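All remarks here apply to the structure that follows.
Below, read A as the first sequence line, B as the second, and so on, with proteins coming before strands; counting in each chain starts at 1. Keep in mind that what you see is a predicted model, and the values were worked out from it rather than measured.
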Amino acid sequence: MIENLVIVESPAKAKTIEKYLGKDYHVVSSFGHIRDLAKKNLGISIENNFLPDYEIPKEKSKVVSELKKSANEAGDVWLASDEDREGEAIAWHLAAVLGLDIDKTKRIVFHEITKEAITEAIKSPRTINMNLVNSQQARRILDRLVGFEVSPVLWKKVQPALSAGRVQSVAVRLIVEREREIISFGSESAFRVTALFTITDEKGEATVIKAEASKRFPTDEEAMKFLELCGATEYIIESVTVKPGTRSPSPPFTTSTLQQEAYRKLGFSVAQTMAVAQKLYEAGKITYMRTDSTNLSKLAIGKSKEVIAAEYGEKYSKSRQFKTKSKGAQEAHEAIRPTYPDNSSITGTQNEKKLYDLIWKRTMASQMADAEVEKTTIIVKMGNSPVTFNATGEVIKFDGFLKVYSESTDNEGGDDEKSIIPQVSKGMPINYKSISAVQRFTTPPPRYTEASLVKKLEELGIGRPSTYAPTISTIQNRGYVLREDRPGEKREIRMYNLEKGKITPTNKTEMAGKEKSKLFPQNIGMVVNDFLVKNFPVIVDFHFTAEVEEQFDEIALGNIEWTKMLKGFYGPFHETVDKALENRDSKIGVRVLGNHPQTGEVVMVKVGRYGPVAQIGNKEEGGTVRFASLNANQLIETITLEEALKLFSLPRNIGEFEESDVVVGTGKFGPYVRHSNKFYSLKKGVDDPFSIDLERAKQLITEKRESEKMKLMKDFDDIKVQNGRYGPYVTKDKKNYRLPKGCDIEKLTKEDCLVIIEKSSKTKK
DNA sequence: CAGTGAGCGAGCTTCCGCTTGACTT
């Protein structure tokens, strides 16, 4: 019999702690929560003062029975779940399920996994804090009430299988509202004037500096007029300002900042970052990856100091402890850092190496000296205009933490490039090399990426480190939003260039609105959002979470009773649910575009059973009602009558080829060409089903035939060997079969193929 | 693998936050 059983949440943590505690302690893991509200029904008895109905989920039964067995065999049970609201609740559920005495069972906490912290914790156990547990119960029950009362309203009023919740609905709202800002954004343009000046120093060496005019010019005429002035004057340096400054490193990673930087620097999706980090954590290479804390253990700070001094020298080291500033942070863990700071690199997959490198650098940089910079600003005066040209340059005097790491930012325009400015003095005359006025368009606010959405949610205090990635998956799985690339549209920009007193106009094109991996709201997301905003304004308010969190904190402090808090919330909330159900507004999400120009029938768009659809005519008026699905990227909100009517022109016959009709249409998988019962997809972003001609259609048909021929390696009529994405395979009756390893395709016979098919169907059973 | 949009109504969908595997394709 082992004297002491310690229960923690994570198995990787259990392994480490057991090493620190020695042979008198057996450390096991609960794998997170072991009980939850009943899966079916509401799981809450509202009339019994919100009495929760807890059950052990099926997938947890094995863990729980093992825990029970260990607990029965042990002398003392120590509950060592995380030091936060959820951790306290886990401890309480464990006590309840394992039949431990709530008032006597030892509860210990540590927010870093070091030998010192753990032995210290063992010395000072406390008991379960029921106030903290109750604040968790309030949180859990409130979320269930919101999710399980609002979602069914959506099923009834909008579409089945939809969902709403305190976190996901706000995430969707952010994306929808951002899209509307972009839709209503009116882009304006103005000419930005930049000059290249040549500066010759005492030694006669020439350098070119770039300076920007202090004014922008709204029209071509004004820009031209200014350039004319520029060509007819002299330039003198009016002032030179040199300002020293410092830059400080960012704090070490939390879940949210790791997701943002891994996206910006490595192009990882939020889910990918978490999966790779999980592997690093399980291999003992980094500390826990779901954390809101920027705290580092004394051990980590000390070790980092040694590493930095040895690697870069004493003057690069500066120990710092960062205060966590994010709203609602619970700080149960350390920041995300290398377990062993002396390992600057690791073995593993490419992605593991890259992410580890990022974490190592960020951690080291956080313990390094400020960078010292010198910012120089030069103002150049013109002889005939009050407009000045300004140039800024930055010189790094001491690189400090920048030696290791510099944080990326979200803005994409690399406009404010900083150059090195040579020695110049006030009153010095200089000459221009060239001056150009370039039309610049204002840009709408950026669409969210997964990572920037996480950042925003964290700022609002909505969601937790363990739920950022799942929330983003949920809103995509429900079809509310979609992560997409957009090619953008070509835009002409005008420019005028002044050189040697002569102005030459030139035009160039740029791509406007090009997007990569951005979150776009879908029609159903917009309809659901508008419905929620109208019917449940409190729930989708950006401050709702912050407000209820304040009350949860009061419960944790013992100032409010948790069921009272729930009663206060539920009364008015449930009324809004009833009101939303009573409302007989049948036209949810319908937008009437106008009337058919020929027949006068009403034309509308809405989200139908199979997605967004345009409709001509309606039941009430009689006659035939016609439907046509909207194309991908067409929004109910912005589609025009003309565009909607165009949808009804498909499928259309565009001619004949090899004595068969060629028909263009749009199907389940997008626009296609149909020819003698075969389908050929149109190229995305290249072909348009409404304008494609016979010539291009023929081309698509022959191209596909060519590639099919390339694919075909052996042809035994009903059985074929084809070359696919994952190498050669056998195909028969539209079913594919993998080839055995080391198979010689050249010698493969029809009989061999039949054997392969036989074997494969046997193993499937 | 290229549609679907009548009406009835059974039975189902759904939340947030803790934690990891065990499964195919």
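Not counting sequence neighbours, A/Lys68 has no partner by the salt bridge (charged side-chain N to carboxylate O under 4.0 Å, His left out) test. Partners of A/Tyr672 by side-chain contact (heavy atoms from CB on, under 4.5 Å), not counting sequence neighbours, listed by chain and number: A/Arg674, A/Phe679. Applying the ring pair (Phe, Tyr, Trp, His ring centres under 6.0 Å) test to A/His574 and every residue at least two apart in sequence or in another chain returns A/Tyr570. For A/His111, there are no ring pair (Phe, Tyr, Trp, His ring centres under 6.0 Å) partners two or more places apart in sequence or in a different chain. Contacts of A/Arg705 classified as salt bridge (charged side-chain N to carboxylate O under 4.0 Å, His left out), with partners at least two apart in sequence or in another chain: A/Glu658.
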Each nucleotide N or O in nucleotides 3-7 of chain B that has a protein N or O under 3.5 Å away: list the pair and distance.
{"from": "B/dG5", "atom 1": "O6", "to": "A/Ser629", "atom 2": "OG", "distance (Å)": "2.6"}
{"from": "B/dG5", "atom 1": "N2", "to": "A/Arg609", "atom 2": "N", "distance (Å)": "2.7"}
{"from": "B/dG5", "atom 1": "N2", "to": "A/Tyr610", "atom 2": "N", "distance (Å)": "2.5"}
{"from": "B/dG5", "atom 1": "N2", "to": "A/Gly611", "atom 2": "O", "distance (Å)": "3.4"}
{"from": "B/dA6", "atom 1": "OP1", "to": "A/Arg609", "atom 2": "NH2", "distance (Å)": "3.3"}

### Message
Return a single string for nucleotides 8-16 of chain B, one symbol per nucleotide in 5' to 3' order, where B is base contact, S is sugar-phosphate-only contact and - is none, cutoff 4.0 angstrom on heavy atoms.
### Response
-----BBBB

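Of the residues in residues 78-86 of chain A, those lying under 4.0 Å from DNA chain B by heavy-atom distance are A/Asp82, A/Glu86.
Rounded to whole Å, the distance from NZ on A/Lys678 to C1' on B/dC1 is 13 Å. Residue A/Glu458 contributes atom CD, which lies 16 Å from atom C1' of B/dG17 at whole-angstrom precision. In this structure, A/Ile7 atom CD1 and B/dT19 atom P are separated by 16 Å, rounded to whole Å.
A salt bridge between A/Arg107 and A/Glu83 is absent, with no side-chain N of the basic residue lying under 4.0 Å from a carboxylate O of the acidic one. Between A/Glu601 and A/Arg626 a salt bridge is recorded (basic side-chain N to carboxylate O distance below 4.0 Å).
Secondary-structure stems of DNA chain B, taken as three or more successive Watson-Crick or G-U wobble pairs (i with j, i+1 with j-1) under a 3.5 Å distance threshold, are lacking entirely.
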### Message
Pair A/Arg591, A/Met604 - check side chain to side chain contact (heavy atoms under 4.5 Å, CB included), show working.
### Response
CA-CA 6 Å; A/Arg591 183 166 162 247; A/Met604 60 183 112; over 6 Å; no

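Listed by first and then second residue, the side-chain hydrogen bond (donor to acceptor under 3.5 Å, both in side chains) pairs involving residues 456-473 of chain A are A/Ser256-A/Glu458, A/Asp292-A/Arg464 (not counting sequence neighbours). Note on residues 31-42 of chain A: pairs passing side-chain hydrogen bond (donor to acceptor under 3.5 Å, both in side chains), not counting sequence neighbours, are A/His33-A/Glu86, A/Arg35-A/His93, A/Asp36-A/Arg140.
By the 30° and 60° cut-offs, the orientation of the rings of A/Phe536 relative to A/Phe573 is tilted.
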Can you list, pair by pair, the side-chain donor-acceptor contacts under 3.5 Å of residues 161-169 of chain A, counting residues two or more places apart and other chains?
{"from": "A/Ser163", "atom 1": "OG", "to": "A/Gln168", "atom 2": "OE1", "distance (Å)": "2.8"}
{"from": "A/Ser163", "atom 1": "OG", "to": "A/Gln168", "atom 2": "NE2", "distance (Å)": "3.3"}
{"from": "A/Ser163", "atom 1": "OG", "to": "A/Arg478", "atom 2": "NE", "distance (Å)": "2.7"}
{"from": "A/Arg166", "atom 1": "NE", "to": "A/Asp143", "atom 2": "OD1", "distance (Å)": "2.6"}
{"from": "A/Arg166", "atom 1": "NH1", "to": "A/Thr545", "atom 2": "OG1", "distance (Å)": "3.3"}
{"from": "A/Arg166", "atom 1": "NH2", "to": "A/Asp143", "atom 2": "OD1", "distance (Å)": "3.4"}
{"from": "A/Arg166", "atom 1": "NH2", "to": "A/Asp143", "atom 2": "OD2", "distance (Å)": "2.9"}
{"from": "A/Ser169", "atom 1": "OG", "to": "A/Gly165", "atom 2": "N", "distance (Å)": "3.0"}
{"from": "A/Ser169", "atom 1": "OG", "to": "A/Gly165", "atom 2": "O", "distance (Å)": "3.2"}

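A/Thr474 and A/Asn477 share no donor-acceptor pair across their side chains, judged by distance under 3.5 Å alone.
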